[in-house]
S.K.: 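Pasting a structure below so you can have a look.
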Amino acid sequence: MRIQSLLKQMTLAALALIFAISCSRSTPNVNSSPEASTSSSFRVAMVTIGPKDDKSWAQGGFEGLNLIKDKFNAQVDFSGSIDDADGEATLRKYAQSGYDLVIAAHGGYAKAAEKVAKEFPQTKFALVTTHPGNNRNLGAVAFRSGEVGYLTGALAAMKTKSNKVGYIVGAPYPVYKEEEALFRRGVKATNPSVQASTAFLNSWTDTDKAIKVATDMVASGVDVLAINADEAGLAALKAVTQKPGVLVIGWAKDQYELAPGKVLTSVLQDIPNLVLNVAVLTQQGRWEGKLYKFGLKEKIYDFAPFRGSLTSQEEETFKTIREAVTTGQIDVSP
């Protein structure tokens, strides 16, 4: 018996050693960034479409820039409310000024970033959108948008009473085309009898257009709307939630307080940490000029509390669907 006990202990010890060795060889987590440097030689600039206090995309980018500042003791600069036409000049200005990393936090800057990155091969450029990069100094970070596209579609289909739901987004960039397609897929998979209407505004700031598109959808019978359109979307959200029986799904940040009782939930995009990952990869020497995607598994996406907007059964159903999406049991590829 003593020999058997000893052999068992030796076997367990060997297994523990093998496990420890295998763990030590695992791929480093992208979020395991170096400690802040005592110097301030790392210079990072950001250019984006909206103001730093828009309670949406641009504000998230600005907060990410501040995370970079704190994490790496970096020198940072921010240019907000830069439209697509002025993006190239602003990116070039930062490159000429010797910034190490220039973050173009808007999909509309893609062409400008491609051009300026060629002119300044020693500068690292990052787009915050779906973009393949140039395999040299221009890369991108993006959300796995199909995940939340599918889930918001499923949620809208669960809550509609009219069997008509809608999705509105600012621009038809690849990342949002994917999101829109998966919204439709999530709707149909959850309730095939529900009709999905979707719209691309071709603007993130045209509040009048956003309000008209959203109110027209509501007039057609849509009673649940997912709105991902920054400044324009906030105006639309406030307008349609004044209509009786209309519910919305917010985007980027928790938008419940904009229309209490009318916001089912909000897609929480951890834009700050998505942006921080650009600097992490750069400082680790792993910025390879390609596309890096993050989503539910990395906790870059989440959903705001439902605050009683779902029944306990609906919450459990949504939780089950979410787990299946996160683990890949439900295919959310474009």
S.K.: Using the ring centroid of each side chain, check whether F303 and F318 are separated by less than 6.0 Å.
M.R.: yes
S.K.: To the nearest 0.5 Å, what is the distance between OG (S79) and CD1 (I103)?
M.R.: 12.5 Å
S.K.: Compare every heavy atom of S193 with every heavy atom of N191, then report the nearest pair and how far apart it is.
M.R.: OD1-OG, 2.6 Å
S.K.: Could you check whether atom NZ of K52 has more than 12 heavy atoms from other residues, nucleotides or ligands sitting under 6.0 Å from it?
M.R.: no
S.K.: Which heavy atom in A259 sits nearest to a heavy atom in L237, and how many Å separate them?
M.R.: CB-CD2, 4.1 Å
S.K.: Taking L101 as the starting point, is it possible to reach L65 by hopping between hydrophobic residues whose side chains are less than 4.5 Å apart?
M.R.: yes
S.K.: Is the shortest heavy-atom distance from the side chain of L234 to the side chain of L258 under 4.5 Å?
M.R.: yes
S.K.: Measure the shortest side-chain to side-chain distance between M217 and I168 over non-hydrogen atoms and say whether it is less than 4.5 angstrom.
M.R.: yes
S.K.: Are any of the side-chain heavy atoms of I249 and I227 separated by less than 4.5 Å?
M.R.: no
S.K.: Is the closest basic N to carboxylate O distance between E288 and R136 below 4.0 Å?
M.R.: no
S.K.: Search all heavy atoms of A110 against all heavy atoms of H131 and return the closest pair with its distance.
M.R.: CB-CD2, 4.0 Å
S.K.: Taking all atoms of both residues into account, what is the closest heavy-atom pair of A142 and L291, and its distance?
M.R.: CB-CD1, 4.0 Å
S.K.: Report yes if the distance between the aromatic ring centroids of Y173 and H106 is under 6.0 Å, otherwise no.
M.R.: yes
S.K.: Answer yes if the side chains of E179 and N228 hold a donor-acceptor pair under 3.5 Å, and no otherwise.
M.R.: yes
S.K.: Is R322 paired with D302 through a side-chain N to carboxylate O contact shorter than 4.0 Å?
M.R.: yes
S.K.: With distance as the sole test, does N137 use its side chain to make a donor-acceptor pair with the main-chain N or O of T123 at under 3.5 Å?
M.R.: yes
S.K.: Taking the side chain as C-beta and beyond, is there a heavy-atom pair between T48 and F78 under 4.5 Å?
M.R.: yes
S.K.: Between S145 (side chain) and V175 (backbone), is there a donor-acceptor pair under 3.5 Å?
M.R.: yes
S.K.: Whether D208 and K212 form a salt bridge (side-chain N of Lys/Arg under 4.0 Å from carboxylate O of Asp/Glu) is what I want to check.
M.R.: no
S.K.: Could you walk me through whether E88 and K111 pass the salt bridge (charged side-chain N to carboxylate O under 4.0 Å, His left out) test, one step at a time?
M.R.: CA-CA 8 Å; E88 182 181 324; K111 295 297 183 185; over 6 Å; no
S.K.: Would you say the side chain of F306 lies within less than 4.5 Å of the side chain of L155, judging by non-hydrogen atoms?
M.R.: yes
S.K.: If we only count heavy atoms from C-beta on, is the K299 to F294 side-chain gap below 4.5 Å?
M.R.: no
S.K.: Look up atom CD in E63 and atom CG in D53, then write down how far apart they are to the nearest 0.5 Å.
M.R.: 10.5 Å
S.K.: Walk me through whether R307 and D254 qualify under salt bridge (charged side-chain N to carboxylate O under 4.0 Å, His left out).
M.R.: CA-CA 12 Å; R307 300 182 175 93; D254 188 349; 2.6 Å; yes
S.K.: Are any non-hydrogen side-chain atoms of I321 and Y150 less than 4.5 angstrom apart?
M.R.: yes
S.K.: Side chains of D84 and Y109: is there a donor and an acceptor less than 3.5 Å apart?
M.R.: no
S.K.: If we ignore hydrogens and angles and just use 3.5 Å, is the side chain of T190 paired with the main-chain N or O of A157 as donor and acceptor?
M.R.: no
S.K.: May I ask you to decide if G139's main-chain N or O and K124's side chain share a donor-acceptor pair within less than 3.5 Å?
M.R.: no
S.K.: Rounded to the nearest 0.5 Å, how far apart are OG1 of T207 and NZ of K238?
M.R.: 10.5 Å
S.K.: Among V280, V278, L276, N73, exactly one meets side-chain contact (heavy atoms from CB on, under 4.5 Å) together with I68. Which residue is that?
M.R.: L276
S.K.: Any donor and acceptor pair, going by atom type alone, linking the side chain of Q255 with main-chain N or O of W251 inside 3.5 Å?
M.R.: yes
S.K.: Could you tell me the separation between the CD atom of E314 and the NZ atom of K319, rounded to the nearest 0.5 Å?
M.R.: 16.0 Å
S.K.: Between R43 (side chain) and S97 (backbone), is there a donor-acceptor pair under 3.5 Å?
M.R.: yes
S.K.: Check the surroundings of atom NZ in K188: do more than 12 heavy atoms from other residues, nucleotides or ligands lie under 6.0 Å from it?
M.R.: yes
S.K.: Does F143 have its ring centroid less than 6.0 Å away from the ring centroid of Y301?
M.R.: yes
S.K.: As a test of understanding, state which of V248, L225, V224, T152 forms a side-chain contact (heavy atoms from CB on, under 4.5 Å) with L264.
M.R.: V224
S.K.: Measure the spacing between CZ of R144 and CD1 of I300 and express it to the nearest 0.5 Å.
M.R.: 9.5 Å
S.K.: I'd like to know if the side chain of W57 and the backbone of A105 have a donor-acceptor N/O pair within less than 3.5 Å.
M.R.: yes
S.K.: Can you find a side-chain donor-acceptor pair between T311 and Q313 that sits under 3.5 Å?
M.R.: no
S.K.: What I want to check is whether the side chains of S333 and D331 have a donor and an acceptor closer together than 3.5 Å.
M.R.: yes
S.K.: Between E178 and K293, does any side-chain N to carboxylate O distance fall below 4.0 Å?
M.R.: yes
S.K.: Please check this pair: side chain of K262 against backbone of Q242, looking for a donor-acceptor N/O pair closer than 3.5 Å.
M.R.: no
S.K.: Is it the case that atom NZ in K159 sees more than 12 heavy atoms from other parts of the structure closer than 6.0 Å?
M.R.: yes
S.K.: Using distance alone, with no hydrogens and no angle criterion, decide if T198 and E180 have a side-chain donor and acceptor under 3.5 Å apart.
M.R.: yes
S.K.: On a heavy-atom basis, which atom in S41 and which in D100 lie closest, and how many Å separate them?
M.R.: O-OD2, 3.1 Å
S.K.: Within the side chain of T160, is there an N or O that forms a donor-acceptor pair under 3.5 Å with the backbone of A156?
M.R.: no
S.K.: Is there a side-chain contact between T282 and V44 in this structure, where contact means two heavy atoms from C-beta onward sitting under 4.5 Å apart?
M.R.: no
S.K.: Given the side-chain rings of W204 and Y176, with only the six-membered ring counted for Trp, is the space between their centroids under 6.0 Å?
M.R.: yes
S.K.: Do side-chain atoms of D223 reach the backbone of S162 as a donor and acceptor pair under 3.5 angstrom?
M.R.: yes
